[in-house]
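Every chain is numbered from 1 and lettered A, B, ... according to where its sequence line falls, protein lines coming before strand lines.
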Protein chains: 2
Amino acid sequence: MRIGELSRRTGVHERLLRYYEQQGLLWPERAASGYRSYQESDVDTVVRIRRLLSAGLNTETIAQVLPCVRVKAGNLVPVCPEIVDDLRHQRERITRAIEELQESRDLLDAVIDAAPRTLSSPAARVPA
Amino acid sequence: MRIGELSRRTGVHERLLRYYEQQGLLWPERAASGYRSYQESDVDTVVRIRRLLSAGLNTETIAQVLPCVRVKAGNLVPVCPEIVDDLRHQRERITRAIEELQESRDLLDAVIDAAPRTLSSPAARVPA
DNA sequence: CTTGACTCTGACATGGATGTCAGAGCTTAG
DNA sequence: CTAAGCTCTGACATCCATGTCAGAGTCAAG
């Protein structure tokens with residue numbers, strides 16, 4: 001597929017798809033015309049890129065990580081063991097942030113529960 | 001305490017402490033001189049801010065989340081019912097942030113697991 | 001009081017991700 | 001073939017978190 005379709009299907013601006021390519025995150029084929037030609041699997045890849053970016057990883061890190069992710073989707077493993085420690089570190093960062101947010105949410109729940117229940121929507125709040 | 005000490009104790013550049021204040025993340029008292037005067041609890045707050053930032057949240061999101069955390073430091077909460085709906089929205093925001101981070105973490109896990117286990121610290125990663 | 005350390009505000013700079021536009025070259029329906 | 005719509009590259013602009021500096025005021029030890 002061409003860049004327009006990939007953009008539409010992922011909701012990611014074409015500009016960014018080109019940028020990700022420039023950063024080594026995507027390597028679409030090129031038609032004779034010069035047009036980029038993406039695989040079906042790139043839709044997924046782009047979603048992953050966005051997810052990692054929003055978790056605070058930068059494109060350089062993602063570039064190191066992505067081949068591994070790819071591989072998993074496929075099955076063979078050229079792997080990048082030298083960055084695994086780094087990834088574990090990143091994972092911890094994320095975990096700590098999650099815990100932080102969960103604590104905040106619990107606190108918030110306490111406050112909400114302490115309020116007179118008679119008001120507002122009786123909105124079903126599942127006990128987390 | 002004044003800004004220098006807070007900076008030293010948190011390892012966060014003074015410039016950033018002022019920036020966080022400007023973004024509504026901190027609201028230190030002011031001495032007659034104009035000097036900022038921070039609470040002991042701000043040390044903790046700053047650590048939290050840094051944690052959330054490094055997980056990819058922006059200052060605006062953190063500003064929405066942080067007041068809930070404050071509540072804990074204070075401990076009592078005079079909740080006026082008209083803000084309860086607001087709190088529920090905050091809760092939803094937090095939940096969404098948590099979910100996104102969890103997805104990102106899952107993705108990292110997939111990558112980490114795909115690497116040969118023989119290397120790096122055998123670090124006990126609990127299955128979430 | 002003086003001096004050195006600290007703080008204030010405001011401005012300018014940077015790096016990374018992202019937005020936007022211009023001018024030129026493809027593609028494809030009609 | 002032609003027009004409308006895509007796509008290409010490259011440049012410039014913006015936002016956000018950060019760094020850095022300058023000039024002026026404050027504090028505290030001697």
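Using a 4.5 Å heavy-atom threshold, the side chains of A/Ile62 and A/Gln23 count as separate. Counting heavy atoms from C-beta outward, B/Thr45 and B/Leu25 have side chains that stay 4.5 Å or more apart. Counting heavy atoms from C-beta outward, A/Tyr38 and A/Leu17 have side chains that approach closer than 4.5 Å.
The phosphate of C/dT7 has neither OP1 nor OP2 within less than 4.0 Å of any side-chain N or O from B/Arg36. The shortest distance between the side-chain N/O atoms of A/Tyr20 and the OP1/OP2 oxygens of C/dA17 is not below 4.0 Å. Of the side-chain N and O atoms in B/Thr59, none sit less than 4.0 angstrom from OP1 or OP2 of D/dC16.
The distance from atom CG of A/Leu16 to atom C1' of C/dG19 is 8 Å, rounded to the nearest whole Å. The CG-P distance, from A/Leu25 to C/dT18, rounds to 10 Å in whole Å. One atom, CD1 of B/Ile3, and another, C1' of C/dT9, lie 12 Å apart when rounded to the nearest Å. Rounded to whole Å, atom P of C/dC8 lies 13 Å from atom CD of B/Gln22. Atoms CG (A/Asn58) and C1' (D/dT18) sit 15 Å apart, rounded to a whole Å. To the nearest angstrom, C1' of D/dC8 lies 11 Å from CD of A/Glu21. One atom, CG of A/Leu17, and another, P of D/dT9, lie 13 Å apart when rounded to the nearest Å. Regarding B/Arg30, its CZ atom lies at a distance of 19 Å from the P atom of C/dC6, rounded to whole Å.
By the 4.0 Å N-to-carboxylate-O rule, A/Glu14 lies close enough to A/Arg18 to be salt-bridged with it. Contact check on A/Asp109 versus A/Arg105 returns no salt bridge, with no Lys/Arg side-chain nitrogen under 4.0 Å from an Asp/Glu carboxylate oxygen. A salt bridge does not link A/Arg88 to A/Glu92: none of the charged nitrogens lies less than 4.0 Å from a carboxylate oxygen. Salt bridge status for A/Glu40 with A/Arg9: present, with a side-chain N to carboxylate O gap under 4.0 Å.
Criterion: ILVMFWY side-chain heavy atoms under 4.5 Å apart, direct or through other members. Under it, B/Val47 and A/Ile98 are not part of a common hydrophobic cluster.
For residues 96-103 of chain B, proximity to DNA chain D is found at no residue, defined as any non-hydrogen atom under 4.0 angstrom from a strand atom.
A/Arg8 comes within 4.0 angstrom of nothing in the nucleic acid, heavy atoms only.
In terms of position along DNA chain D, the nucleotide closest to A/Glu14 lies nearer the 5' end than the nucleotide closest to the other residue of the pair A/Glu14 and B/Leu57.
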Report task. Would you please test B/Glu21 and B/Arg30 for salt bridge (charged side-chain N to carboxylate O under 4.0 Å, His left out) and show each step? Result -> CA-CA 12 Å; B/Glu21 176 179 353; B/Arg30 289 299 183 121; 3.2 Å; yes
Query - B/S/- contact track for nucleotides 20-27 of chain C, protein heavy atom under 4.0 Å - result: B----BBS
